[in-house]
Structure formats: C-alpha cells, structure tokens
Amino acid sequence: MRKYPVLLGAAGLVLLTGCTAAGSAPAAVPTVMQVVGTCHTFRTPQEMVQPSDVTPPVPCGLPHRSETFEVTSFDGQLAAHRERPDPEQLQTYALDHCDSHTLRRYVGAGPRDTVSFSVWPRYPTRAEWAEGVRTLRCDAVPPVQEATNGPLVAFSLRDVLKGPESSVVRNCEYGDAAVTCDHPHDREEVNAWLDLDNRVRLKDVQSAAATVCKPYVEEFLRVKLARAQALTIKAETPSKDEWAKGVRTVKCGVGPADPGVAVVGTLSQRAKGRA
C-alpha cells in the first residue's frame, strides 16, 4: 500500500481536530485519512452518487449503506493530471482497480458463494486532487431489497458470508422474483456458470444441467444431495430462443424439492458453521 502525502493546508488542519461546536456538523474526514473497514451512510440519493465523500463514517453496528473494503491510489497518466479528471475517466480507472478478488476475500466468500455487491468508488475532492491527493476508496454496497435511499444494513460486511446473517445479502428467487435470502424463496443461487456440451439436445437440457451443476451444488451445501433429499438442483437454463442462437450456459442453484415449499435463510452449511 502506498503512503499518501498529507497535503491538507490550513483548512485541512481544522478538519483533523475532531472538535465541533455544539449543534454544528461533524468534522469531515479528508480522503487521504480514510481506511478499510469503515461504514458510511447517506441522507439522500444525491449524496450516494457524489464522486467524493468526506463525511465522517458511522459505526458498522448502526444502519449504513456502504463499507470500505479497499483503499488504493490513482497512478499512471491519470494521476499526472493537475486538475481532477472528469468522473467518467475516474470511474473507468476505478472499475479496473477496485479489485473483485479483494472484495471476495473481505466478505469471506467461499468458491461457491455468489458475491453480488455493487462497488462504489470515491475520489478525492477537486481541492484535494489539486494538493496532490490520489487516494481511491472502494466501497461495497450490499444487494439489500426494499430500501429507501439505497441499501441499509446494521452489521459489518467483513466475513459476512461466513455467517447466517449473510442471508440478507445472498441472491435468491421466489418464483420469477429476485429476492435476498432473508425473504421466503424457492431457489438460492450457487456461484457456478457452466457451458453444456454442444451435443446436448434442447429436450435434455434440464437433466444435463443437473448433472454438471451437481458437484458445485454439493460443494455449496457441504453435503451429498443423496443425503439431503428435501433439496434439489434448480439450474437456470437457456430459453428456446437463446438455445437457437447457440447459448449453452446454465446458472446453478438449489432449493426445496417440493415445488410448494419456500424457505427463509441461506442453505449454505458453511454459513451455518457446519462442516
């Protein structure tokens, strides 16, 4: 990790004091001082989409909308700009440098855990950039449903997929509706997208999908399906039109074998602390 220059100026020194007058707004946190593991909330949708954020973090045990999983820096030609580049240029850089592998490690994802968090990058303010600050903050945003002004959780995302509370941020479905797994559902997504053999015929696609998905679903469940007869593989397969266009990719999942049954919570045995 690079060491970032503290080029705050007189105004910046005031921000670092941490002292505010009674009834005044909390002191800002300069971009260069921001760290991994902090949680953030926003009062309006407009605040969520601002390119910079120097508002103080909130405790991760209180409701919040994002969490910083990586702090890195701009470099190369983009960093050489004396004025802060436009948001589109910053976004392109951030998409390449807010690393998905780092995010998976941060949230404690196993190989079969789907990680569908959005990534919100935050950049130095224009004034900070002019002073030489090149810090890039990468925030994870959970896929929480039915939230006003963006997702809202009240726990840390660090290693969240290792525990039962992960149902709040896991992808499930109820019929055709996408939900998080803390809602009633009949299918949970498994992180395995597989291509069927071109020799498979359309009428056999479901059985072929079940065959290729089976080892990945069992890895997710940490149990053989023969010993979990209440569950079955539920793979999403190409439609007839997609099949005609040569699409052969299936998306693995698992759910109750009884079509009339819905469950609440994750089926991941790893998240339940079971071997």
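Counting from 1, the numbers follow the sequence of the chain as shown. Computed over heavy atoms, backbone and side chain alike; hydrogens, waters and symmetry mates excluded.
Ion pair Glu188/Lys234 not flagged as a salt bridge, since none of the NZ, NE, NH1 or NH2 atoms sits closer than 4.0 Å to an Asp/Glu carboxylate oxygen. Under 4.0 Å is where a charged nitrogen must lie from a carboxylate oxygen, and between Lys251 and Glu189 at least one such pair does. A salt bridge is absent between Arg248 and Asp197: the closest approach of a Lys/Arg side-chain nitrogen to an acidic carboxylate oxygen does not fall below 4.0 angstrom.
The closest side-chain heavy-atom distance from Pro256 to Val263 is below 4.5 Å. Counting heavy atoms from C-beta outward, Cys172 and Val179 have side chains that approach closer than 4.5 Å. Between Pro121 and Leu95 there is no side-chain heavy-atom pair separated by less than 4.5 Å. Side-chain contact check for Val160 versus Val153: every heavy-atom pair is 4.5 Å or farther apart. At a threshold of 4.5 Å between non-hydrogen side-chain atoms, the residues Phe117 and Val141 do not count as touching.
The OH atom of Tyr123 lies 9.0 Å from the OG atom of Ser52; values are rounded to the nearest 0.5 Å. The structure places CG of Asp159 at 12.0 Å from CZ of Arg105, a figure rounded to the nearest 0.5 Å. To the nearest 0.5 angstrom, Ser66 atom OG is 7.5 Å from Asp53 atom CG. Here CG of Leu136 is found 6.0 Å from OG1 of Thr72. Values are rounded to the nearest 0.5 Å. Atoms CG and CG, on Leu231 and Asp258 in that order, are 11.5 Å from each other to the nearest 0.5 Å. Going from atom CG of Asp113 over to atom CG of Leu161 covers 5.0 Å, rounded to the nearest 0.5 Å.
Distance alone, capped at 3.5 Å, is enough to place a donor-acceptor pair between the Arg112 side chain and the Asn191 backbone. Not one N or O on the side chain of His183 forms a donor-acceptor pair closer than 3.5 Å with the backbone of Cys181. Panel note: side chain Ser166, backbone Lys162; no donor-acceptor pair is recorded below 3.5 Å. With hydrogens and angles ignored, the 3.5 Å screen pairs a side-chain donor or acceptor of Glu128 with a backbone N or O of Thr125. Remark: side-chain polar atoms of Arg122 are paired, donor with acceptor, to backbone N or O of Gln50 under 3.5 angstrom. Arg134 places a side-chain N or O within donor-acceptor distance of the main-chain N or O of Ala79, the cut-off being under 3.5 Å. When atom types are taken as modelled, the side chain of His64 and the backbone of Leu62 share a donor-acceptor pair closer than 3.5 angstrom.
Connection of Val205 to Leu194 is established within a shared hydrophobic cluster, with ILVMFWY side chains joined at heavy-atom distances below 4.5 Å, either directly or through further cluster members. Taking hydrophobic clusters as Ile, Leu, Val, Met, Phe, Trp and Tyr residues chained together by side-chain heavy-atom distances below 4.5 Å, Val261 does not share a cluster with Leu225. Hydrophobic cluster membership is shared by Val36 and Leu157, with clusters built from Ile, Leu, Val, Met, Phe, Trp and Tyr side chains linked at under 4.5 angstrom. Under a hydrophobic-cluster definition in which Ile, Leu, Val, Met, Phe, Trp and Tyr are linked whenever side-chain heavy atoms come within less than 4.5 Å, directly or via other members, Trp120 and Val54 are assigned to different clusters.
The closest side-chain donor-acceptor pair between Thr68 and His40 falls under 3.5 angstrom. With 3.5 Å as the limit, one finds no donor-acceptor pair spanning the side chains of Ser239 and Asp241. A donor atom on one side chain and an acceptor atom on the other are not found under 3.5 Å apart for Glu67 and Thr38. Counting only N and O atoms by type, the side chains of Thr114 and Asn171 include no donor and acceptor under 3.5 Å apart. Residues Thr237 and Gln206 bring a donor and an acceptor atom of their side chains to less than 3.5 Å of each other. Side chain to side chain, Asp75 and Tyr93 meet the donor-acceptor criterion of an N or O pair below 3.5 Å.
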key: Candidate pair Val107 and Val115, rule side-chain contact (heavy atoms from CB on, under 4.5 Å), full reasoning   = CA-CA 8 Å; Val107 299; Val115 174; 4.1 Å; yes

Pair Tyr106-Arg158, side-chain contact (heavy atoms from CB on, under 4.5 Å): steps then yes or no = CA-CA 5 Å; Tyr106 188 85; Arg158 193 189 294 271; 3.6 Å; yes

ask   = When you look at Arg65 and Asp139, which way does the salt bridge (charged side-chain N to carboxylate O under 4.0 Å, His left out) test go after all the steps?
value = CA-CA 10 Å; Arg65 305 188 188 280; Asp139 285 4; over 6 Å; no

task = Take Cys98 and Val119 through the side-chain contact (heavy atoms from CB on, under 4.5 Å) test and state the conclusion after the steps.
result = CA-CA 8 Å; Cys98 289; Val119 174; 3.8 Å; yes

task = Evaluate the criterion side-chain contact (heavy atoms from CB on, under 4.5 Å) for residue pair Trp243 and Leu202; output intermediate values, then yes/no.
result = CA-CA 7 Å; Trp243 191 268; Leu202 180 59; 3.6 Å; yes

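Aromatic ring centroids of Phe74 and Trp129 lie under 6.0 Å apart.
Summarising the geometry of Thr266 relative to Ser167, their closest heavy-atom pair is N-CB, 3.7 Å, with the distance given to 0.1 Å. Summarising the geometry of Leu103 relative to Ala140, their closest heavy-atom pair is CD1-CB, 3.7 Å, with the distance given to 0.1 Å. Contact between Ala262 and Tyr174 at its shortest, heavy atoms only, is CB-CE1, 3.7 Å. Of all heavy-atom pairs between Leu221 and Gln269, the closest is O-CG, 2.6 Å. For the pair Val29 and Pro57, the tightest heavy-atom approach, listed with the atom from each and the gap, is CG2-CD, 3.9 Å. Summarising the geometry of Arg270 relative to Gly108, their closest heavy-atom pair is NH2-O, 2.8 Å, with the distance given to 0.1 Å.
Heavy-atom contacts from other residues, nucleotides or ligands closer than 6.0 Å to OH of Tyr216 number 12 or fewer.
Among Gln89, Glu83, Arg84, the one residue that satisfies the side-chain contact (heavy atoms from CB on, under 4.5 Å) test with Asp86 is Gln89.
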